[in-house]
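See below for the structure under consideration.
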Amino acid sequence: MKNQEIADLFSRVADILDFKGENSFRVNAYRRGALILSDLAEDVEALVEEGRLTEIPGIGEGMARNIEEYLGTGRMSKYEEVRKGVPEELIALLGVQGMGPKTLALAHRELGIKSLNDLRMIMDSGELASLPGMGEKKVANLKKGLEHFLASKERISLGVAYPLVLEIIEALQKKVKVQKVCPAGSLRRMRETVGDIDILATGRNGASIISAFASLPMVTQVLAAGETKGSCIVEGGTQVDLRVVEPGSYGAALQYFTGSKAHNVKLREMARANGLKVSEYGVFRGEKKLAGKAEAEVYKALGLPLIPPELREDRGEVEMAVEWKLPSLVENKDILGDLHVHTKWSDGHHSVEEMARAAKERGYKYLGIAEHTPTAAYAGGISEAELKKEWREIAEVQKRLKGIRILRSAEVDIRADGSLDYSDEILKELDFGVASIHSGFKKRATERILKAMQNPYVDAIGHPTGRLISRREGYEVDLEAVFKTAAATDTALEINAYYDRLDLNDVHVKRAKEAGVKITINTDAHHIDQLWMMELGVGTARRGWLAKGDVLNCLPPERLRKKSRKKV
DNA sequence: GCCGTTTTCGGCCCGACTGTTTTCAGTCG
């Protein structure tokens with residue numbers, strides 16, 4: 001699938017045009033095109049073949065031509081044309097805070113800078129400050145920006161940011177009286193990675209809230225601390241922004257700072273067409289404020305139901321909301337069990353009983369113990385004989401532990417030839433069978449997964465693409481083929497909720513649902529402290545538009561068992 | 001470059017902040 005390659009090219013075209021001072025709306029059109037392509041679940045090549053490319057809003061004749069050319073020849077003349085005479089390293093400097101296209105173009109034109117090193121030198125020599133419109137302070141800011149640019153890490157995983165923001169909010173509330181406080185930004189939308197952390201609050205004295213924030217123990221550097229906005233770097237190098245607003249604008253501000261930008265632009269365009277104006281202070285008709293206090297009010301004033309944060313990506317949610325046809329999304333409380341956790345029997349840290357008790361504390365009705373199998377020797381995979389011993393232990397624990405059912409599950413390896421690691425005789429004794437690929441990622445992954453799904457005792461495929469966020473690309477797998485066979489064989493696909501996986505991802509989940517595939521959300525927990533990650537999986541499911549009825553482990557135990565035996 | 005229950009041409013989201021300016025351009029979210 002070449003979607004992302006083309007999205008990256010469009011994104012670069014946008015940056016270069018911006019640098020060149022091209023009409024900003026044209027620049028924006030390419031930015032939007034890039035976003036659309038990287039969000040697109042379908043293969044862009046299939047769309048071209050079916051001649052449906054320009055049916056996508058935001059992709060017109062021009063970009064369609066560029067896409068077709070790239071797919072045909074592997075080159076895009078539009079990109080080749082705009083990049084002439086523009087060093088790649090120069091454009092990368094747009095990533096420096098405070099360095100926009102105008103300033104960069106000025107420095108390039110007047111002082112001939114071409115690289116990061118050039119920029120450093122002219123900043124130190126004082127030449128940059130002497131340019132028209134520049135000055136000492138601007139250069140000082142750019143220096144800070146450059147420092148951060150060099151030191152800043154990649155986006156951080158949601159699974160790291162999420163506990164961190166809860167910790168910060170708790171610490172803040174202990175220190176100062178805050179009326180309302182809530183995470184905003186991509187974290188509230190449960191994106192799999194976040195760049196920085198946004199928090200919104202209301203309270204009597206904004207300045208005192210900001211100063212309390214700036215003096216929290218985890219803060220290592222204060223970038224700004226004013227009346228309404230504070231910005232700090234915390235341990236680990238992540239930037240955290242706190243904004244304090246009037247209670248009357250809390251809803252509008254929360255809506256605004258939650259984003260996404262594309263979602264907000266879409267809303268504002270729509271509002272404008274209806275003679276309304278939306279800002280972070282409220283919804284207005286002329287001078288008259290119609291809403292602002294609560295988020296639901298803001299959407300209502302626009303004639304819409306409250307759109308859940310996880311859907312706010314401009315992936316069709318506004319259009320569906322206009323028709324009041326948004327799905328009722330699955331919630332954390334709907335999850336009745338986890339079907340894929342490990343214990344000491346393979347590479348987990350706790351006993352069956354400890355895991356089961358922890359699961360019961362979360363309010364689960366069942367827990368599926370799913371150890372690795374012999375092929376996954378590095379992970380302590382267990383033989384059929386050992387598995388039978390574990391079953392005896394499960395039976396014993398079950399005798400003294402009431403209120404939760406411990407299910408015999410397994411994470412069976414899909415071998416290089418697509419066969420499974422346990423015999424059917426063992427597999428058919430399972431309550432719930434998960435099959436996963438753990439080795440030979442490049443070896444015909446699609447074929448192997450399709451073959452595994454034909455086995456009547458495989459109820460779900462674990463982490464279907466094998467990707468690790470920011471560490472490893474997934475297998476080369478044809479997901480459309482997997483979805484088709486999954487639907488036909490009534491095999492569920494997993495959202496592996498372990499923070500580093502989130503696999504399937506949001507976009508895949510939405511496609512899977514459209515293809516009629518059922519989903520299970522499992523943590524793959526190896527430790528009782530990892531069971532909470534279910535919330536990350538539920539967030540991913542919600543971002544994939546799933547309702548309770550789409551998720552297998554929202555079923556009560558009796559119906560789950562019936563469901564999982566249906567294949568036989 | 002894209003798009004059309006105002007439009008095939010002329011628009012395209014909104015506001016704050018900052019610093020360099022004597023009225024505003026650039027950047028950011």
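Here is the naming used below: chain letters follow the sequence lines, and residue numbers restart at 1 for every chain.
- Summarising the geometry, the separation between CE on A:Met134 and C1' on B:dA25 is reported as 12 Å, rounded to the nearest angstrom.
- Among the atoms of the strands shown, none is found under 4.0 Å from any heavy atom of A:Val27.
- B:dT8 is unpaired under the Watson-Crick or G-U wobble criterion, no partner having all donor-acceptor distances under 3.5 Å.
- Spacing of C1' atoms, B:dG11 relative to B:dA16, comes out at 25 Å, to the nearest Å.
- Using modelled atom types, one side-chain atom of A:Arg543 and one backbone atom of A:Arg189 make a donor-acceptor pair closer than 3.5 Å.
- As judged by a 4.0 angstrom heavy-atom cut-off over every strand, A:Phe25 is placed among the base-contacting residues.
- When all heavy atoms of A:Leu254 and A:Thr258 are compared, the pair lying nearest together is O-OG1, 2.6 Å.
- A:Met533 and A:Thr523 get closest at one heavy-atom pair: C-CG2, 4.1 Å.
- Using a 4.0 Å heavy-atom cutoff across all strands shown, A:Glu136 reaches sugar-phosphate atoms only and no base atom.
- Of the charged side-chain nitrogens involved, none lies within less than 4.0 Å of a carboxylate oxygen, so that A:Asp196 and A:Arg155 do not count as a salt-bridged pair.
- Counting non-hydrogen atoms under 4.0 angstrom, A:Asn28 reaches nothing in the nucleic acid.
- Taking atom P on both nucleotides, B:dG4 is separated from B:dC13 by 14 Å, rounded to a whole Å.
- Checking B:dG19, B:dG15, B:dC17 against the side-chain heavy atoms of A:Ser279 singles out B:dG15 as nearest.
- Atom CG in A:Leu142 sits about 15 Å away from atom P in B:dT18, given to the nearest Å.
- For A:Arg272, a side-chain nitrogen or oxygen approaches OP1 or OP2 of B:dC14 to under 4.0 Å.
- Of the charged side-chain nitrogens involved, none lies within less than 4.0 Å of a carboxylate oxygen, so that A:Asp314 and A:Lys261 do not count as a salt-bridged pair.
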Identify the pairs formed between an N or O of the protein and an N or O of nucleotides 26-29 of chain B at a distance under 3.5 Å, and give each distance.
unit_1: B:dG26; atom_1: O3'; unit_2: A:Thr103; atom_2: OG1; d: 3.4
unit_1: B:dT27; atom_1: OP1; unit_2: A:Gly100; atom_2: N; d: 2.9
unit_1: B:dT27; atom_1: OP1; unit_2: A:Gly100; atom_2: O; d: 3.1
unit_1: B:dT27; atom_1: OP1; unit_2: A:Thr103; atom_2: N; d: 2.9
unit_1: B:dT27; atom_1: OP1; unit_2: A:Thr103; atom_2: OG1; d: 2.4
unit_1: B:dT27; atom_1: OP2; unit_2: A:Lys102; atom_2: N; d: 3.2
unit_1: B:dC28; atom_1: OP1; unit_2: A:Gly98; atom_2: N; d: 2.6
unit_1: B:dG29; atom_1: OP1; unit_2: A:Gln97; atom_2: NE2; d: 3.0
unit_1: B:dG29; atom_1: N2; unit_2: A:Tyr256; atom_2: OH; d: 2.3
unit_1: B:dG29; atom_1: N3; unit_2: A:Tyr256; atom_2: OH; d: 2.8

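- Listed for the A:Glu317 side chain is no donor-acceptor partner under 3.5 Å among the backbone atoms of A:Leu326.
- Aromatic ring centres of A:Phe19 and A:His108: separated by under 6.0 Å.
- The same atom, C1', is picked in B:dG10 and in B:dC17; the two are 31 Å apart, to the nearest Å.
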